[in-house]
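Report on one structure; see the data block that follows.
Residue numbering restarts at 1 for every chain, and letters A, B, ... go by the order of the sequence lines.
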2 protein chains.
Amino acid sequence: MSPPKNAAPDIATLAHDLHAGSRAALARAITLVESRRADHQAAARELVQALLPQTGKAIRVGITGSPGVGKSTTIDALGMYLIEQDHKVAVLAVDPSSARTGGSILGDKTRMARLSHHEHAFIRPSPSSGTLGGVAAKTREAMLLCEAAGFDVVLVETVGIGQSETAVCDMTDFFLALMLPGGGDELQGIKKGLVELADMIAINKADGDNVKRANITAADYRGALHLLSPRSEHWHPPVVTYSAMAGAGIAELWQKVLDHRKAMIASGEFAARRRDQQVKWMWTMLEQRLMARLRTDPSIRAKVRKLETDVAEGRVAPALAAERLAEMLA
Amino acid sequence: MSPPKNAAPDIATLAHDLHAGSRAALARAITLVESRRADHQAAARELVQALLPQTGKAIRVGITGSPGVGKSTTIDALGMYLIEQDHKVAVLAVDPSSARTGGSILGDKTRMARLSHHEHAFIRPSPSSGTLGGVAAKTREAMLLCEAAGFDVVLVETVGIGQSETAVCDMTDFFLALMLPGGGDELQGIKKGLVELADMIAINKADGDNVKRANITAADYRGALHLLSPRSEHWHPPVVTYSAMAGAGIAELWQKVLDHRKAMIASGEFAARRRDQQVKWMWTMLEQRLMARLRTDPSIRAKVRKLETDVAEGRVAPALAAERLAEMLA
């Protein structure tokens, strides 16, 4: 192994500087959280634990939407609106594909032209390492660090790939799905998994000639959602229209987030959801830790792949295979 | 501990008798799978592995519906129809609540008046031990045993509690959601999670005065489903009406199951889904095995509960708690 390039930093100093609002300290802390080095990981755990009392106060909003829906423009417009309201806004991302492509949905900050230069905004691209579980874990910790640094709104962006939407929903208070106006046969379907998660559907590009189409689309989606039991009896996910480009409807969109927050706090669901998320997060991290050896040790990995194939092709019963995996870990 | 009451039976004999079609051997094998004794569990793994080549050929159908929807009547009518078509029908259940209540959704076989007395049917109530994961694991193994015993249709019933529907969907080829006719404001919503899973929605009690209401309900649900992207481009979940009591629409309902099977086999999704299910099953069983100590060892359990509370209340960061759990397991 290569010798340590940089020793783990002094945690007390880093925690102090971060909490005092140093952007450099925040960036360094997130880098520490994202590091794979064992000593860095131990230091990161210590740092997050030290800052824990300063976390949890932000409004956490997950935002999803297919490419082309105008996610960056929306975050830019929403973020600037929030800053005008005296909020400090952190923007994070969960993009497991960035590990493969080397890029990140937030890599190109120029797509958030105004927000990326504002001193009350902090934008951090998706961690680009490994599995969705790993990426999500690092984003969750980065979110806590942003909160400790005084950011009181955290927007977590994701693309609708696989389970990344569930991961973002599991770390936020409100999950917002962005859609485009459709028309007749072109009407894009709502992904089924999304219906389960979304606290609101917002239809972008409701401007110019598109306004009428956007309204029709919204009415269609409202009709569809009406037939589905809401997750909470205190919140029926609304469908709204807006235009990120024209800045229309952004204030109304944010008001829904606040309405939701108020209703959830009043019913006790807000606290329950946060508690559940934290406990689930603990178990997920334990699972990742236990499974890590099966994924990293090369000789074990080969055996795991062989077992997976044998199970998939019906040669070995899953229970027997699980027993053999457990023996490898023992 | 109490001394062993019955030694693990001779596996070769049991496998032979079961494959020859002995109902007594099948019942005994399922009891072995459901046993918590370590020697029984090892014997059960050996038995399932020995019978594995005789499994996988059945049509596996999951059936869900709220209490009152007529699930038992439906399974009775569908099962008798399938027996008339020369099928042998096994009926299993996943009901994690049965551990608490001592009862089971299939406990009262009298609710399947005709099927329960037919020699070509085999009805087994839900295992009544422990967690959903444990119940589901035992039902999956019971399904394999039924297949090895020559049952070529397996119906797996569940009530829509928590994650039990996902568990049943993960072990079947086709997931059927039963609903009731509604009207105006009474129209019951489709549970969101169900929309994600269902390969068909079937509206029961479409008889007498209810026919018109059932048709309106079906049209409403069709409209809602139309706005959702289908899980497969080769299958758009249909909405049908039927009457289990009058026996109307049962043949048409089953035809949809066969149509789905044909489309999935042609597209290759059938084989892919089975493979994915088996591999997922292996990982789930490994996880259960690794977690078992945290749940069973009393001194560890108390510490786990304390950690969960600390994490829920924001005193300990999830990453740190996961680290401590891992140390307990080491």
Could you go step by step and tell me if B:L325 and A:M282 meet the side-chain contact (heavy atoms from CB on, under 4.5 Å) rule? CA-CA 9 Å; B:L325 288 173; A:M282 173 185 82; 3.8 Å; yes

Which one, B:E308, B:M291, B:R324, leads in non-hydrogen pairs under 4.5 Å with chain A? B:E308

Pick one of side chain, backbone, both or neither for A:V33, based on which atoms fall under 4.5 Å of a heavy atom in chain B. neither

Once you round to the nearest 0.5 Å, how far does CG of B:L286 lie from CG of A:L294? 6.5 Å

Non-hydrogen atoms of A:P318 and B:Q278 that approach each other most closely: CG-O, 3.8 Å

Who are the ring-ring contact (aromatic ring centres under 6.0 Å, His included) partners of B:W235, not counting sequence neighbours? B:H260

So which bits of residues 268-277 of chain A come within less than 4.5 Å of chain B, counting non-hydrogen atoms only? A:R275

If you count heavy-atom pairs within less than 4.5 Å of chain B, which of A:R45, A:E287, A:M285 leads? A:R45

Can you say whether A:Q41 sits under 4.5 Å from chain B via the side chain, the backbone, both, or neither, judging by heavy atoms? neither

Per-residue contact mode, B:E46 against chain A (heavy atom under 4.5 angstrom): neither

Checked A:G223, A:A44, A:P53, A:A317 vs chain B; the most non-hydrogen pairs under 4.5 Å come from A:A317

Can you say whether B:R315 sits under 4.5 Å from chain A via the side chain, the backbone, both, or neither, judging by heavy atoms? backbone

Considering all heavy atoms of both residues, which atom of B:Q49 and which atom of A:L320 are nearest to each other, and what is their separation? OE1-CD2, 3.5 Å

Heaviest contributor of heavy-atom pairs below 4.5 Å to chain A, chosen from B:T55, B:V48, B:L51, B:L290, is B:L290

Between B:V311 and A:W281, is a side-chain contact (heavy atoms from CB on, under 4.5 Å) present by the stated rule, with each step listed? CA-CA 9 Å; B:V311 165; A:W281 174 359; over 6 Å; no

Taking B:G56, B:A137, B:A322, B:A312 one by one, which has the highest count of heavy-atom pairs under 4.5 Å against chain A? B:A312

Taken in chain and number order and not counting sequence neighbours, the residues that satisfy side-chain hydrogen bond (donor to acceptor under 3.5 Å, both in side chains) with B:R140 are none

By salt bridge (Lys or Arg N to Asp or Glu O under 4.0 Å) - contacts of B:R289 (at least two apart): A:E323

Pick one of side chain, backbone, both or neither for A:A50, based on which atoms fall under 4.5 Å of a heavy atom in chain B. neither

Contact origin within B:L329 toward chain A - heavy atom pairs under 4.5 Å: side chain

